[in-house]
There are 2 protein chains.
Amino acid sequence: MALGDAILACLTERPMTGYELAKTFDSSIGFFWKADHQQIYRELSKLRDRGHIQGREVVQSGKPNKLVYTLTPEGRTALRHWAARPSTPASTKDDLLVRLHALDSIDIEPLRTDLMARLEHHRDRHANYERILKKRFPDGTAEGRLDLGNLLLLRLGARHEQMVADFCEEALEALSAMSGKATVVPLEDGKREKG
Amino acid sequence: MALGDAILACLTERPMTGYELAKTFDSSIGFFWKADHQQIYRELSKLRDRGHIQGREVVQSGKPNKLVYTLTPEGRTALRHWAARPSTPASTKDDLLVRLHALDSIDIEPLRTDLMARLEHHRDRHANYERILKKRFPDGTAEGRLDLGNLLLLRLGARHEQMVADFCEEALEALSAMSGKATVVPLEDGKREKG
DNA sequence: CCGTTATTTACCGTAACAGGAAAAAGTCGG
DNA sequence: CCGACTTTTTCCTGTTACGGTAAATAACGG
């Protein structure tokens, strides 16, 4: 019960169809929340059953008819109640961290390439955040409450990506410094283990 | 299929029982990965069925017998193969961020208390990381590969917590600055909505 | 005609999360 | 001695999420 609330949160901005929501979850809110269209459509059905949203069919020519979903007053209330409950700090659950935890039992080469890919990935995202920040908040201040929320969000996102990117760089450097005194030679396919 | 690998990663350090693993997931690796004992026991059964770990019963007097699990060569290979696959960047999925995204549709007061709680939480965790860092790596350098992994991990954790704590502070300040020109008065129970 | 875009829906499975309960044997406080 | 707690494993029932495959429908571009 959290994806549903994320969808409600999106619908506060404007009514949307499942298709639009799927795209939203691919850009703005999707920066920190992934969900594919199936998840979204399934969740939308549930929300409708609960009476939190209301679908209005819009007949289209040339395209399949679309279902525009709007928040109902019950939905707004539900969202506010959800938002009034203490939030649960999410755990990271990043594969990379698990790998670092078992660093001496895995092969370094794939790890390096992975770190490099991740470095690029996080740099891209950082640049993206900065780009949006400059476009939407050129002077770094927000007017309304909605704007403030989004500004804070973008700033956090930017900083996070920056930090992770820096971390990847640092990890790569540390691995390079260490690889001089390598303890285990990478093997082909686990024919030998060092135990 | 990720919790299983996290467990394998833990078992590279030393053989452990499910009970010990549960406690480990409550401290070291649990800093970025949450799992309760039931999840762990279930996963252990699966891993045993797959032949990735091997259980050895240790008869105890005074306490129930325990099952010490050891990595099998197959398990080590599986871990290495898993670690050689590109990692998937995890998405944040933090309730707080969703709330910020819908900032103008929710009540600020509970959000403030939540932010304050989170601030404390992240500060605590940061202090904890720093404490462990000072204890395990007083001079900030690592010897072996295992140590390097853990050092990097701790540093990332510390920085992350620091950053989120700063963010909470900033958000609180911004909310205070904004609350002067409040647009919506907080309501009791959604009897009125501003739409 | 084929592929793409727009739009929704259906089914399959597994993985993860949440919580409640029960065993069994000891230890410790009152 | 009773009750509470620790240690250790297991079973239960749910919901939520994740992942893939695929099918309808209908225009538009090549």
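Chain letters run A, B, ... following the sequence lines, proteins first and then strands; every chain starts at 1.
With rounding to the nearest 0.5 Å, the separation of CG in A:Leu71 from CD in A:Gln54 is 10.5 Å. Put simply, CD on A:Glu173 and CG on B:Leu152 are 10.5 Å apart, with the number rounded to the nearest 0.5 Å.
A straight line from NZ of A:Lys66 to C1' of D:dA27 spans 14 Å, rounded to a whole angstrom. As a whole-Å value, the separation of B:Arg48 CZ from D:dT9 P is 10 Å. In this structure, the CG atom of B:Leu21 is 15 Å from the C1' atom of D:dT7, given to the nearest Å. Protein atom CD of A:Gln38 is 10 Å distant from nucleotide atom P of D:dG20, rounded to whole Å. Distance A:Gln39 CD to C:dT9 P: 16 Å, rounded to the nearest Å. Computed from coordinates, the A:Trp33 CH2 to D:dT16 P distance equals 13 Å when rounded to whole Å. Between A:Ile53 atom CD1 and C:dT8 atom C1' there is a gap of 14 Å when expressed in whole angstrom units. The nearest whole Å value for the distance from the CG atom in A:Asp36 to the P atom in D:dT16 is 17 Å.
Salt bridge absent: B:Asp95 and A:Arg85 never bring a charged side-chain N and a carboxylate O closer than 4.0 Å.
The side chain of A:Ala2 approaches D:dA17 more closely than any other nucleotide in the set C:dT5, C:dA16, D:dA17. The listed nucleotides are D:dT10, D:dT8, C:dA6; the one nearest the side chain of B:Tyr19 is D:dT8.
Along DNA chain C, the nucleotide nearest to B:Arg42 and the one nearest to A:His37 differ in position, and the one closer to the 5' end is contacted by A:His37.
Side-chain atoms of A:Ser45 come within 3.5 Å of backbone N or O of A:Tyr41 as a donor-acceptor pair.
Residue A:Tyr41 places at least one side-chain N or O closer than 4.0 Å to OP1 or OP2 of C:dT8.
Looking at A:Glu43, A:Arg80, A:His52 one by one, the single match for side chain to side chain contact (heavy atoms under 4.5 Å, CB included) with A:Leu8 turns out to be A:His52.
Backbone-only engagement by B:Lys46 is indicated by non-hydrogen atom pairs under 4.0 Å involving sugar-phosphate atoms exclusively. Backbone-only engagement by B:Thr17 is indicated by non-hydrogen atom pairs under 4.0 Å involving sugar-phosphate atoms exclusively.
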